[in-house]
Each structure stands twice: as structure tokens, then as C-alpha cells.
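Read through the structure below, which is laid out as C-alpha cells, and then see the notes.
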Amino acid sequence: MGPDAGWPVTVAEALGVQDRLRPSVDLVGPGPAEPATVAGLDVAYAEGGDRLAAAVTVLDARTLRVVDSAVVIGRPAFDYVPGLFAFRELPALLDALGRLTNRPDLLVCDGHGLAHPRRFGLACHLGVLTGLPAIGVGKTPLVGTWDPPGEGRGAWSPLVDAAEVVGRVLRTQDGVKPVFVSVGHRMGLENACARVLALAPRYRLPETTRTADRLCRSALAGRI
DNA sequence: GCGACAG
DNA sequence: ATCTTGTCGC
């Protein structure tokens with residue numbers, strides 16, 4: 001039984017998986033400009049951190065109404081290590097995705113894509129494993145430096161790491177803390193930011209993230 | 001060597 | 001992520 005026989009157990013194995021999958025990331029995009037459906041994915045943890053709920057909500061991209069969803073209860077599949085975060089939540093998220101009625105046109109992940117030390121964050125990993133266009137929307141930075149974007153909704157500044165533009169720091173509402181948008185798979189950065197703004201007409205976070213967050217929290221609370 | 005470090 | 005009190009604002 002080698003490291004490829006199952007899910008990675010050690011940091012070295014996880015790093016090896018990232019190295020092996022990274023070349024499969026499609027950075028060309030540009031991805032759907034008018035997706036019919038967009039999926040949001042999020043995970044909530046029980047107090048001890050030994051149990052989790054992974055949720056995916058599928059929204060009509062035009063009305064932002066939830067048209068499909070799935071949630072599963074599971075266990076973290078890896079210890080939390082910055083840069084290896086995806087190994088913790090991926091199995092449960094893939095499980096939830098597999099329970100959808102239809103494949104969505106775009107995945108919006110709660111975490112980073114290319115804005116990652118090895119350019120392979122959760123959004124890249126999820127995109128490669130599913131083959132679907134994916135973007136990452138992080139609430140806090142993992143790598144990179146940036147200048148504060150303008151105060152208005154839609155203002156942004158480049159997120160730069162090792163002299164490379166790895167994403168954008170995007171203000172989704174006037175005067176709120178910006179979010180960190182990066183490409184995951186089969187999407188361009190410009191389009192990714194346009195999609196995030198379209199998904200956040202009223203609040204800081206995209207509706208995809210908000211609906212998925214509510215679903216996994218209520219599942220943990222036993223309300224489903 | 002010392003901090004920083006998605007969720 | 002989760003644990004936490006009050007606070008400002010619609």
C-alpha cells in the first residue's frame with residue numbers, strides 16, 4: 001500500500017498530491033460569463049472539531065434562488081495545516097456534490113484557489129477533481145501583498161505573491177472589508193470577480209457562500 | 001532564528 | 001473553524 005492507495009495521511013503525502021495535480025489546473029478559462037447555475041460550498045464544525053457538516057447549495061445565477069442542495073455529516077479527513085486545508089474538507093464536499101441532482105456550471109469555494117503558497121488551494125483542487133469551473137473566495141489572506149482597494153463596491157487591487165498576480169482583493173459592498181478572489185479552475189480572474197460581484201448584490205459574501213453556510217450550520221444543529 | 005499561517 | 005460581550009446601526 002503506497003501513498004496513492006488512499007487519502008494522504010502525512011504532510012509529505014499531501015504535498016505530493018498537490019504537486020501531482022497542480023499541472024492539471026486550467027488557467028485559460030475564461031469560464032462561463034452567464035452560468036445558469038452556481039454552487040456554493042461550505043463546511044461547519046462541531047465544538048470538538050471531530051465532526052463536520054459539508055453543504056453545497058445550487059443557485060439560479062439570475063434570481064439567486066436556491067434550486068438544489070445537499071448536505072452530509074462527516075469527519076475531518078486531515079489535520080488543519082495552512083496550505084493543506086483542502087485535505088480536511090474535500091471528501092465531505094465531494095460527497096455532497098455527488099448528491100446533487102444536476103452538475104452546476106460553476107463552483108464558488110470558501111477558501112483560496114491560486115492564491116496559495118504552491119498555487120493549488122481548495123478551489124483548484126475541487127475544480128480539478130470535478131472538472132468544473134471553480135473560483136475561490138477567501139475572507140482572510142493566506143499569501144500575498146496588496147494595496148487597499150477603493151472604498152466603493154467593485155473596487156479592487158491586485159493580490160501579488162512572489163511577483164505574481166495570484167488574485168484580487170475585491171470590495172463587494174461600500175465600506176466593508178474586502179474579500180480575496182482567486183481563480184480555481186477553468187476560469188479567468190476578470191470573470192471570477194464579475195461573478196462574485198453578481199453573487200453579492202447586498203452583502204459582503206456571495207449568496208452562494210451564505211446559503212451553504214446556513215445549510216451546514218443547521219445540519220450540525222440537527223435541524224435537518 | 002522568529003513570526004505568519006485559507007477554514 | 002469555534003469560543004465569546006457588548007456595540008453600533010437599520
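Per chain, numbering begins at 1; letters A, B, ... match sequence-line order.
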Query raised in the report: Dot-bracket, DNA chain C: Watson-Crick or G-U, under 3.5 angstrom, [ ] crossing, | other strand?
Result: ..........
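- Two rings, from Phe85(A) and His112(A), have their centers 6.0 Å or more apart.
- Looking at heavy-atom distances under 4.0 Å, Gly49(A) makes no contact with the nucleic acid at all.
- Nucleic acid contact for Leu84(A): base, since at least one base atom lies under 4.0 Å from a heavy atom of the residue.
- The pair Arg217(A)-Asp42(A) fails the salt-bridge criterion, with no side-chain N (NZ, NE, NH1 or NH2) lying under 4.0 Å from an Asp/Glu carboxylate O.
- Within 4.0 Å (heavy atoms only), Ala44(A) reaches sugar-phosphate atoms of the nucleic acid but no base atom.
- Residue contacts shown for Phe85(A) include a base, since a base heavy atom lies under 4.0 Å away.
- Under the 4.5 angstrom side-chain criterion for Ile, Leu, Val, Met, Phe, Trp and Tyr, the cluster partners of Trp146(A) are Leu159(A), Val166(A), Val169(A), Phe180(A).
- Across all strands, Leu122(A) comes closer than 4.0 Å to base atoms (heavy-atom distances).
- Stacking between Tyr80(A) and dG7(B) is shown: the ring centroid lies under 5.5 Å from the centre of the six-membered base ring, and the planes differ by under 30°.
- Ion pairing between a basic and an acidic side chain is recognised when a charged N comes within 4.0 Å of a carboxylate O; Asp110(A) and Lys139(A) show such pairing.
- Of the charged side-chain nitrogens involved, at least one lies within less than 4.0 Å of a carboxylate oxygen, so that Arg168(A) and Glu190(A) count as a salt-bridged pair.
- Classification of the His125(A)-Phe87(A) ring pair by plane angle, with boundaries at 30° and 60°, yields perpendicular.
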